[in-house]
Amino acid sequence: MADRVQEPDREANKSSLRRLGIVGAGTMGRGIAWTAARAGFTVIAVDVDEKARQALLDHARARAERAVGRGELSLEAAEAALRRLSAHEAPEALAGSEAVIEAVYEAPDVKRSVFAAVEAAVDPATLLLTNTSSLSVTEIAAGLRRPERLVGMHFFNPADVMPLVEIVRAAQSDPAAVAAAVSLAESLGKTPIVVRDTPGFVVNRVARAYYNESLRLIEWGQGKPEAIDALFEARGFKMGPFALQDLIGLDVNFATTSTVFAQTFYEPRFRPSLLQKAYVFAGRLGRKRGRGFYRYDDR
Amino acid sequence: MMTVDRVWLVGEGVLKAFWLDVLGRRGIAVEDGTAAVDGRPGGRRPGRGVALRSPGAGEAQLLSAPALIIDVENVDLRAKRRRLRRLGARLHPHGLLLTSAHAVSATEAAAWFGRPDAVVGYGAFPAYGTAPAVDLAAPLGADPSGITRAEAWLASIGVRTFRVGDEVGLAFPRVLAMIINEAAFALMEGVAAAEDIDRAMRLGTNYPEGPLAWADRIGLDEVQAVLRGLYRAFGEDRYRPAPIFRQLIAAGRLGRKAGHGFYAYTDEAKER
């Protein structure tokens, strides 16, 4: 077990008495961990991969330095936040947490095995949260000893920047657990909305139309990506649908559409685009590969 | 470039307000083309421009033939077809018809009008850009000089234009209607409250307005008109309107203009 568990906080911040567990030190886990530490929580991050643990701590330090540099955080507050954050190998470190947020790989079996270990380590009253963008929270809960304690908590990437959190109410969720998840999200400085557990929840579901229908326009030869993007940006959208797919990654976007399509038992509104699939196979994944719908020479 | 000092506005709906605003700012006289073509006073009086005139007969009518007719109808397609069939003979020989292509394609509207070279389809909804903007499409087989003239004239009055291939709903109205349709399905399925769906799309993916609030601003009948047009034209389940539109519209909840749509509005909010 790591040493930095609890220390008297000079700012006497009430939430520093609150202990939050995070399992998974990937991109989402890192963003959530820094968000929570900065919001005053004592954060216990757990990951079996030592490199990932180190990356989580490095990310927090980099974010802390940036916040100090921008004058958003005093040096003392930043150091206090970093002291509240620790990374551990074994799930036993989660003992005493009021809530545990799981942010591991997006596969139901992986998430269930993580929750089996978490349930063995924490008090039965602990609130359990799964950060998923595309899996059924109801399906994950079905594998738990206490499924009523599990609620979905969908953060958006980057988790320490994006204000929205979708609180996902599974079929088994205890209303008190949903209320506790809403309150926790608010304590983290986020704006929570409660959604019923359905494919894509709200954001990833409604946003499918922006991508899918725009893809059809170019598939039908009604316009080029540049032209379609421009006409949306002229109506107040920050990024057109093709520039946005390049930013997200066409592979990620295609996977989300495919998942929502399959989970809705093949609702035609969500049918993925053959053109998008071809781009994915061709390696034109967007900015990260230097080419998607556009070319990026500055990479 | 064509000089336009007066315009016939034909039909009813959200696009009438769009054009009255755009043309009013430029001091272009707007005449009630609905009354002219229907042979009776139609709709409400335009906000600006010259007083309404009943069309004269014979020579007087030819001399007064408008160089530009803008058709705004999307909801009552029978009336749209009837008017376009009559208007073909009323437009000046070198004039242009801008017809909204939200519920039928520009090509179909041009077939009703009978003079495809004089027809340009457009698409527009109230939006959040810095300047008014329209999608434009030439009917299939039409002489490209029509759309070029339309682009030049619209640019001269401060309207941004985006040329796209012709199909029902063009680009922006079609995609926005589909976004709104998905939000409407999510609402009727109880996935989340209306306010939460809108907040999610603004904060989660940076949309300039929540889809349901945006629909209320456009008018639910106008959104449904695009979806019905797409569904009728393409015959795919993908485009079927969420049943909640039919119910809300039947109950008179057309959006902001009716004081109630997905949301209820006070009198003050209605005016905005």
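Letters go in sequence order (proteins before strands), and every chain restarts at 1.
Across all their heavy atoms, A:I193 and B:D196 have their closest contact at CD1-O, 3.6 Å. Of all the heavy atoms in A:V202 and B:A200, the pair that sits closest is CG1-CB, 3.8 Å. Heavy-atom minimum distance, B:A133 versus A:A234: CB-CB, 4.3 Å.
The contact between B:Y128 and chain A is made by backbone and side chain atoms together, counting heavy-atom distances below 4.5 Å. Neither the backbone nor the side chain of B:P132 comes within contact range of chain A; no heavy atoms are under 4.5 Å apart. Contacts of A:F270 with chain B are made by side-chain atoms alone, with heavy-atom separations under 4.5 Å and no backbone atom involved. Neither the backbone nor the side chain of A:D197 comes within contact range of chain B; no heavy atom of the residue lies under 4.5 Å from a heavy atom of that chain. Only the backbone of B:L170 comes within less than 4.5 Å of a heavy atom of chain A; no side-chain atom from C-beta onward does. For A:T198, the part sitting under 4.5 Å from any heavy atom of chain B is the side chain, from C-beta outward, and nothing else. Neither the backbone nor the side chain of A:E233 comes within contact range of chain B; no heavy atoms are under 4.5 Å apart. Interface remark: A:F156 contributes side-chain atoms only to the contact with chain B (heavy atom separation under 4.5 Å).
Between chain A and the residues B:I197, B:N181, B:D237, the most heavy-atom pairs under 4.5 angstrom are made by B:I197. Contact count versus chain B (heavy atoms, under 4.5 Å) is highest, among A:A227, A:G221, A:G223, A:A230, for A:A230. Most heavy-atom pairs under 4.5 Å with chain A, from the set B:I180, B:L203, B:V191: that is B:V191. Most heavy-atom pairs under 4.5 Å with chain A: of the set B:L176, B:V134, B:I179, B:V164, this distinction falls to B:I179. When the candidates A:V194, A:L231, A:V195 are compared by the number of heavy-atom contacts under 4.5 Å with chain B, A:L231 comes out ahead. The candidate from B:R199, B:M201, B:M178 with the greatest count of non-hydrogen atom pairs under 4.5 Å with chain A is B:M201. Residue with the most contacts toward chain B among A:T191, A:V203, A:N212, A:L244: A:V203 (heavy-atom pairs, distance under 4.5 Å).
A:Q222 places a side-chain N or O within 3.5 Å of a backbone atom of B:G165 that can act as its donor or acceptor partner. In this structure, A:R196 contributes its side chain and B:E189 its backbone to a donor-acceptor pair below 3.5 Å.
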* Evaluate the criterion salt bridge (charged side-chain N to carboxylate O under 4.0 Å, His left out) for residue pair A:R205 and B:E182; output intermediate values, then yes/no. => CA-CA 7 Å; A:R205 169 180 177 169; B:E182 200 54 53; 2.7 Å; yes
* For the pair A:R216 and B:R238, evaluate side chain to side chain contact (heavy atoms under 4.5 Å, CB included) and give the outcome as yes or no after the intermediate values. => CA-CA 12 Å; A:R216 266 220 166 166; B:R238 171 186 176 110; 3.4 Å; yes
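Under a 4.0 Å N-O distance rule, the pair A:R235/B:D135 qualifies as a salt bridge. A salt bridge is defined here as a Lys NZ or Arg NE, NH1 or NH2 lying under 4.0 Å from an Asp or Glu carboxylate O, and A:E267 with B:R240 meets this definition.
Here the CD-CG distance, from A:E213 to B:L230, works out to 7.0 Å after rounding to the nearest 0.5 Å. Note that CG of A:L164 is 11.0 Å distant from CG of B:N206, once rounded to the nearest 0.5 Å.
Checked against a 6.0 Å centroid threshold, the rings of B:Y207 and A:Y210 count as neighbours.
Both tests hold for A:R269 against B:F185: distance to the six-membered ring centre under 6.0 Å, angle to the ring axis within 45°. In this structure, B:R174 satisfies the cation-pi test against A:W220, with its NZ or CZ atom closer than 6.0 Å to the six-membered ring centre and inside 45 degrees of the ring normal.
In B:L140, the CG atom is not crowded: 12 or fewer heavy atoms of neighbouring residues, nucleotides or ligands sit closer than 6.0 Å. Within 6.0 Å of CZ in B:R228 there are 12 or fewer heavy atoms belonging to other residues, nucleotides or ligands.
Under the 4.5 Å side-chain criterion, counting only non-hydrogen atoms from C-beta, B:V175 is in contact with A:L217. Under the 4.5 Å side-chain criterion, counting only non-hydrogen atoms from C-beta, A:F232 is not in contact with B:F162.
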